[in-house]
2 protein chains.
Amino acid sequence: MTFARDVTLRQLRGFAEVLRRGSVAAAAERLNLTAPAVSTQLKTLETLVGAPVLDRTGGALRPTEVGEELVRTMRLIETALARCDERIALLRAGAAGLVRLGVVSTGKYFAPGLVARFNRANPGITLHLTIGNRDDIVEALGAHGIDMAVMGRPPESLEVVARRLGPHPYVMIAPPDHPLANRPMVEAEALLSETFLARELGSGTRTLMMRELDQLGGGRSYRVVEMASNETIKQAVMAGLGIAMLSAHTVHTELAEGKLVALAVPGLPVMRHWFLIHLADEEPSPAATVFRDFVLSLDGAFLPGAAGQGTENRA
Amino acid sequence: MTFARDVTLRQLRGFAEVLRRGSVAAAAERLNLTAPAVSTQLKTLETLVGAPVLDRTGGALRPTEVGEELVRTMRLIETALARCDERIALLRAGAAGLVRLGVVSTGKYFAPGLVARFNRANPGITLHLTIGNRDDIVEALGAHGIDMAVMGRPPESLEVVARRLGPHPYVMIAPPDHPLANRPMVEAEALLSETFLARELGSGTRTLMMRELDQLGGGRSYRVVEMASNETIKQAVMAGLGIAMLSAHTVHTELAEGKLVALAVPGLPVMRHWFLIHLADEEPSPAATVFRDFVLSLDGAFLPGAAGQGTENRA
DNA sequence: CCCTCCCATAAAAATAATTTATGACTTTCG
DNA sequence: CGAAAGTCATAAATTATTTTTATGGGAGGG
């Protein structure tokens with residue numbers, strides 16, 4: 001490193017322009033400078049480099065070998081800067097960029113399809129999808145590990161902007177051959193005698209279920225067996241181990257295929273909402289804004305079993 | 001072009017350093033600046049780019065997408081400059097570079113070998129070889145089309161530095177079955193009755209020949225047939241069309257193989273010299289200097305039929 | 001031979017970068 | 001919970017750098 005850390009772009013530009021125009025004066029004019037300014041740039045450059053960069057002998061103005069090396073380098077730099085400029089313009093216009101999206105586990109049944117749809121519509125924007133449980137997603141959002149999140153109920157621990165994406169129904173599921181299946185109305189009494197399969201305490205669905213059952217039974221106790229994942233619960237219900245309350249979007253396929261049925265419990269399905277969330281203190285990037293507008297414009301059409309139903313925005 | 005023409009390397013370096021160190025203060029220390037200086041650089045950079053480059057929300061200091069683009073570009077620029085620096089160091093040390101060498105036609109019998117030898121000894125230096133008649137070479141030298149030239153008799157039309165490379169004998173050649181061949185001594189009388197094959201007026205060899213013959217014959221006239229090239233003359237002499245004076249180096253092979261013989265004319269062979277020449281007003285590049293030293297150190301050993309004979313330098 | 005154009009240098013002016021001084025905000029630790 | 005330490009941004013002042021104006025010395029052209 002002899003000159004590289006002290007040389008300036010102006011010097012290199014001045015030099016390159018002198019070679020292009022063939023004279024100091026012409027270069028100066030083009031650079032909106034006076035001739036002495038460019039002359040000084042050249043001199044400084046030669047001092048820094050430690051060797052002549054111009055060969056003035058014999059009329060013509062030619063670069064020395066060192067000078068040619070500098071011009072070559074300057075060309076590289078100029079194209080790098082031009083590319084950078086161009087790319088930043090794209091980023092600013094939202095025509096390129098990266099959006100890191102987190103979706104809670106329940107969303108795994110529609111999130112991939114949503115990502116695919118978005119990718120098709122916006123090839124320039126890369127969408128990173130993270131699926132995790134609610135806590136992970138909230139933490140990632142708070143730690144700037146993701147830019148936006150899709151979840152039910154916005155987190156209270158963070159200052160966020162949340163927008164409704166569409167309805168999120170919860171149903172009580174049972175196997176098709178369950179005694180309570182096909183009943184036009186399931187009484188609280190009968191329901192509370194069942195065994196309930198549910199996620200651990202703290203899970204959003206668990207909380208919701210307990211609230212519903214407490215309300216229904218007026219505080220009567222009931223039996224809960226905990227399971228690690230919605231998928232496990234689904235399988236266990238089909239196997240006849242008990243019944244469970246789950247997001248309808250989690251069991252959409254099984255309901256449609258008749259592998260599971262939704263019980264006609266009063267107050268069910270519980271209607272919640274899906275939200276698109278980002279931190280309030282961070283302006284979403286242009287690309288993220290493009291994604292947000294895209295998702296909102298779908299109006300819930302990406303949700304299982306939906307073909308676009310009206311929802312109001314803003315939580 | 002929005003920011004590319006106004007951004008400075010210092011700004012980009014400051015920004016990159018902040019990201020590397022994780023803080024403005026640490027970056028400032030490393031750059032031998034104070035924190036406010038770097039802080040200002042960042043602000044100016046963001047103004048120029050028109051978008052934030054740093055994301056300060058939430059403790060950590062991360063680049064925005066735009067910032068990442070800038071860092072990527074800065075890396076390109078830094079490596080380009082480092083490479084340039086390295087290469088210039090080589091050029092300055094004479095370990096790399098280009099030497100454009102011009103050699104007069106007569107030299108075509110040894111120049112390629114000389115170039116090959118030099119290439120083997122100095123792989124970093126590229127040697128461009130131009131072979132042309134004396135006028136072309138002199139013109140190219142004056143027009144900076146070549147850096148150095150090998151020729152007999154330095155040109156008077158240019159201010160040059162000339163150094164002797166080795167002896168340059170001229171001989172009078174004839175076919176082996178010529179009546180004057182094998183004579184221990186050829187008289188002027190007999191010689192001047194011959195037909196002389198020669199290059200056009202102005203050719204160095206022609207001038208030399210005429211001077212010799214005039215001196216030998218005391219002004220007596222003789223017959224000259226002009227031919228376009230030394231090669232043609234050689235062939236014509238072998239075919240018996242006449243005799244000719246040529247550089248011994250031009251006919252070295254034919255003499256060795258007995259296809260031609262040198263006549264024993266008084267005063268012959270005329271001893272001239274080969275010179276290595278460059279313009280006096282131009283300092284030879286390091287690479288050219290390396291070439292010059294190389295050639296001089298050979299001490300004429302590259303000339304046909306020579307195995308290194310002493311010559312004084314400096315014309 | 002003179003005139004003009006071009007370039008380099010020097011001094012002056014303008015501009016830009018940096019430092020010192022200061023205050024606000026955040027994090028850390030008692 | 002509050003004090004202390006650290007970090008960063010801003011403003012004003014200083015210092016560096018760049019540029020311009022002014023000037024003189026060649027080189028090419030009429």
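The chains referred to below are lettered A, B, ... by the order of the sequence lines, with proteins before strands, and numbering in each begins at 1.
In this structure, the salt bridge (charged side-chain N to carboxylate O under 4.0 Å, His left out) partners of B/R100, at least two apart in sequence or on a different chain, are B/D147. When the side chain to side chain donor-acceptor pair (under 3.5 Å) test is applied to A/E68, no partner is found at least two apart in sequence or on another chain. B/R272 pairs by the salt bridge (charged side-chain N to carboxylate O under 4.0 Å, His left out) definition with nothing, not counting sequence neighbours. Among residues two or more places apart in sequence or in another chain, the side chain to side chain donor-acceptor pair (under 3.5 Å) test is passed with A/R21 by A/E17.
Residue-environment remark: CD (A/E159) stays at or below the threshold of 12 foreign heavy atoms within 6.0 Å. More than 12 non-hydrogen atoms from other residues, nucleotides or ligands lie less than 6.0 angstrom from CZ of A/R13.
Rounded to an integer number of Å, the gap from B/L54 CG to D/dT7 C1' is 14 Å. Atom C1' of nucleotide C/dA8 and atom CG of A/L61 are separated by 14 Å, given to the nearest angstrom.
Residue A/R56 has no polar side-chain atom (N or O) positioned under 4.0 Å from OP1 or OP2 of C/dC6.
A heavy-atom distance below 4.0 Å to DNA chain C is reached by these residues of residues 8-24 of chain A, ordered by number: A/S23, A/V24. Within residues 26-53 of chain A, the residues that have a heavy atom under 4.0 Å from DNA chain C are, in order of number, A/P36, A/S39, A/K43.
Between the side chains of A/N133 and A/S105, no donor-acceptor pair is found at a separation under 3.5 Å. Judged purely by distance below 3.5 Å, without hydrogens or angles, the side chains of A/T64 and A/D55 never pair a donor atom with an acceptor atom.
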